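A quick note: this is a predicted structure, and the numbers were derived from the prediction, not measured.
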Amino acid sequence: MACIKLSRKITGPATVIGGILIHLTLGNLYSFGNMMTYMVSYMHGRVDHSIDYGNFIWVNSITTAAQGLFMVFGGLLEKRIGPKLTCFIGCTLVSAGIMLTYYTINVSLFTVVLTYGLLSGLGMALSYVTPLACGMQWYPEQKGLINGLIVAGFGLGALGSTNLQTLYLNPHNTSPESNGYFVDPGILDKVPSVFIVLGLTFLAMQYIGCLLIRRPVVAEGQENRHWQESESLLHVDEEPDERLSVQVPPPCTTIPTDLRPVQLIKNKTFYIFWFIYLFNTIAVGYINAMYKSFGQTFINNDHLLAQIGSFAAVFNAVGRIAWGRLMDKTSFQVAMRILTITLMLLFATLPLTQQMGKAGFAVWVWLIFFTFSGTFVLMPTVVEKAFGAQHYSANYGLLFTSQTVSGPLMAAVNQLMLNAVGYTGCFLTISGIISLSVGMTFLVPSGL
């Protein structure tokens, strides 16, 4: 018993730290809005003049779509080969996709989609959820907090990535032309090599994180109640609370504690979560990709915009911890309703920042990143809470399939609407989409 306690004191925190390191590198996704301005400028000027901000957003949307499509396979792979090797494979694919863009950025938008988009998204799918599953098993009483800490790394990742990209590519704070494109050869010449710098940096951090991750081991014959706790609120306890006795179904209708993926897709609560995730991630993908290009329409300072994006990563990270604690103190239903209402109002008023200036724009971007960040801690926590821990990785992967829809849908909306109705029309459309999430929160079963 003493060995088990000692292991928990050392290996538990090490697993959480390893998860944070991995998620810090995966959080490069949130620097896409900054990196896109350089990538589009390079390809528009030197590869294909038809490439612009409207169609380049497909790179980011394919990343999220691939992550959603393949995440369930990451959960199944982890069951077969373990968390450590699964993370090694996934992280290698992420960094390989980034480094291969050194070559593909000189070929075509399609090849960039394959490397920076599809390959990186596949790697993220394999390495995203495993650290969360391991962390929650070490600390079952603090699931919201642990998930918040690990995915805070994802939110904070853009802080380092954005600063590294900007300092490497544009150290002299050269502004883009009035059309939004950089033309300075000193910037464009370095665009391909930045992918090697980023890829190697991430790979070193990822491999350290993979070595630290471990599942708790329970002595033979002991109940695994300390680490692989299942607290599904969709099943009947052996001794139900008298206050809930009127809602207890007969034993023959009891839903299993740990739902398998094949059972999950028959559960209506799963689809409520799926649509909330769908609507929220459309908003997340849009602001992540377009905040900087929108800011460039009235702020002529590239370093300032990069700094706004960097600090947004801090709000993204802190928000995840805060929303996780809020769910622990209240419920998923309450926390998600507050989140979606706030996000809806922020997007609806974002166009007003053109009159507020730099300070107003920065505050709104930071508040949006702080608010949407809760999606990525509330959703994984409620999936484990509602459907159990045994098949958590695969089940969360199924929920993540919503991003196979949200990514391409967001890109299509942007490509069709940006030139027609401008940023204001696009932001109001996104606000309307989030209002659907608000409505879905009223369908969430009580107690979650």
Side-chain angles (χ1 to χ4, degrees), residues 23-44 51-68 94-95 97-101 104-105 109 112-125 128 154-166 168-170 176 180-182 191 194-195 197-199 201-202 281-296 302 305-313 315-317 365 368-369 372-373 376 403 406-408 410-411 413-415 418 426 430:
H23 273 248
L24 278 170
T25 66
L26 303 184
N28 179 63
L29 178 72
Y30 285 124
S31 72
F32 181 78
N34 183 67
M35 191 65 206
M36 181 174 72
T37 59
Y38 303 114
M39 295 173 74
V40 172
S41 297
Y42 181 89
M43 298 194 75
H44 180 81
I51 296 174
D52 57 26
Y53 289 107
N55 54 33
F56 200 84
I57 199 172
W58 280 100
V59 177
N60 187 62
S61 65
I62 293 301
T63 302
T64 56
Q67 188 181 5
V94 170
S95 295
I98 293 171
M99 288 188 283
L100 286 172
T101 309
T104 60
I105 198 167
L109 177 58
V112 172
V113 166
L114 292 180
T115 56
Y116 205 82
L118 181 62
L119 189 57
S120 292
L122 172 59
M124 290 174 65
Y128 182 95
F154 198 102
L156 197 60
L159 177 63
S161 297
T162 300
N163 282 317
L164 178 57
Q165 294 159 6
T166 305
Y168 182 83
L169 295 171
N170 191 11
Y181 300 113
F182 291 99
V191 169
V194 75
F195 300 109
V197 175
L198 290 170
T201 302
F202 294 158
T281 51
I282 289 174
V284 172
Y286 195 80
I287 193 65
N288 178 47
M290 303 305 293
Y291 81 89
K292 187 177 181 182
S293 61
F294 170 61
Q296 285 177 338
D302 188 59
L305 290 169
Q307 289 167 3
I308 290 173
S310 296
F311 279 106
F315 283 86
N316 193 346
V365 169
I368 288 175
F369 272 72
F372 80 60
S373 67
F376 301 104
Q403 296 216 27
S406 66
M410 179 267 296
V413 167
N414 186 66
Q415 189 168 352
L418 186 59
C426 289
I430 297 297

- Message: Can you give me the closest heavy-atom contact between N60 and G285, atom names plus distance?
- Response: ND2-O, 3.9 Å
- Item | Which residues share a side chain to side chain contact (heavy atoms under 4.5 Å, CB included) with A283, sequence neighbours left out | L343, F347, I430, I434
- Task: Report yes if some heavy atom in the side chain of T64 is under 4.5 Å from a heavy atom in the side chain of T281; otherwise report no.
- Result: no
- Excluding sequence neighbours, so at least two apart, what forms side-chain hydrogen bond (donor to acceptor under 3.5 Å, both in side chains) with D302? Y38, N170, K292
- Item | For Y181, ring pair (Phe, Tyr, Trp, His ring centres under 6.0 Å) partners two or more places apart | H44, Y53
- Item | Set of side-chain hydrogen bond (donor to acceptor under 3.5 Å, both in side chains) partners for T25, sequence neighbours left out | Q206
- Message: Rounded at 0.5 Å granularity, tell me how far CE in M39 sits from CD1 in I105.
- Response: 4.5 Å
- Item | Minimal non-hydrogen separation, N34 against A306, with atom names | OD1-CB, 3.8 Å
- Note on the structure: Separation between CD1 (I282) and CD1 (I287), nearest 0.5 Å, reads 14.5 Å
- Pair N55-I51, side-chain contact (heavy atoms from CB on, under 4.5 Å): steps then yes or no: CA-CA 7 Å; N55 54 33; I51 296 174; 4.0 Å; yes
- Minimum heavy-atom distance between Y286 and C426, given as atom pair plus value: OH-CB, 3.2 Å
- For Y128, what residues pass the ring pair (Phe, Tyr, Trp, His ring centres under 6.0 Å) criterion, not counting sequence neighbours? H23, F154, F400
- side-chain hydrogen bond (donor to acceptor under 3.5 Å, both in side chains) partners for S41, two or more places apart: none
- Say you draw a straight line from CG of L169 to CE of M35; how long is it, rounded to the nearest 0.5 Å? 5.5 Å
- Note on the structure: Taken to the nearest 0.5 Å, the spacing of S373 OG from I368 CD1 works out to 12.0 Å
- Task: Measure the shortest side-chain to side-chain distance between V197 and Y168 over non-hydrogen atoms and say whether it is less than 4.5 angstrom.
- Result: yes
- Query: Once you round to the nearest 0.5 Å, how far does OG1 of T63 lie from OH of Y116?
  - Reply: 8.0 Å
- Task: Could you tell me whether a side-chain N or O of N288 sits under 3.5 Å from a main-chain N or O of L29, the two making a donor and an acceptor?
- Result: yes
- Go through the structure and list residues passing side chain to side chain contact (heavy atoms under 4.5 Å, CB included) with S61, not counting sequence neighbours. W58, M410, A411
- Note on the structure: Applying side-chain hydrogen bond (donor to acceptor under 3.5 Å, both in side chains) to T115 and not counting sequence neighbours gives T101, T104
- Item | Results of side chain to side chain contact (heavy atoms under 4.5 Å, CB included) for A158 - residues two or more places apart only | Y30, S31, T162, A313
- Using the six-membered ring wherever Trp is involved, compare the ring planes of Y291 and F369 and label them parallel, tilted or perpendicular (cut-offs 30° and 60°). perpendicular
- Query: Which atoms form the tightest heavy-atom contact between G199 and I98, and what is the distance?
  - Reply: N-CG2, 4.0 Å
- For the residue pair Q403 and P408, what are the closest heavy atoms and their distance? O-CD, 4.0 Å
- Item | Heavy-atom closest contact (M99 atom, F195 atom, distance) | CG-O, 3.7 Å
- Return the set of residues passing side chain to side chain contact (heavy atoms under 4.5 Å, CB included) with V113 (not counting sequence neighbours), or none when no residue passes. V59, I62, L109
- Check the pair F372 / F315 against side-chain contact (heavy atoms from CB on, under 4.5 Å), numbers first and verdict last. CA-CA 10 Å; F372 80 60; F315 283 86; over 6 Å; no
- Message: Can you tell me how far apart OG (S120) and CG (L100) are? Round to the nearest 0.5 Å.
- Response: 9.0 Å
- Just wondering, are more than 12 heavy atoms of other shown residues or ligands nearer than 6.0 Å to CZ in F311? no
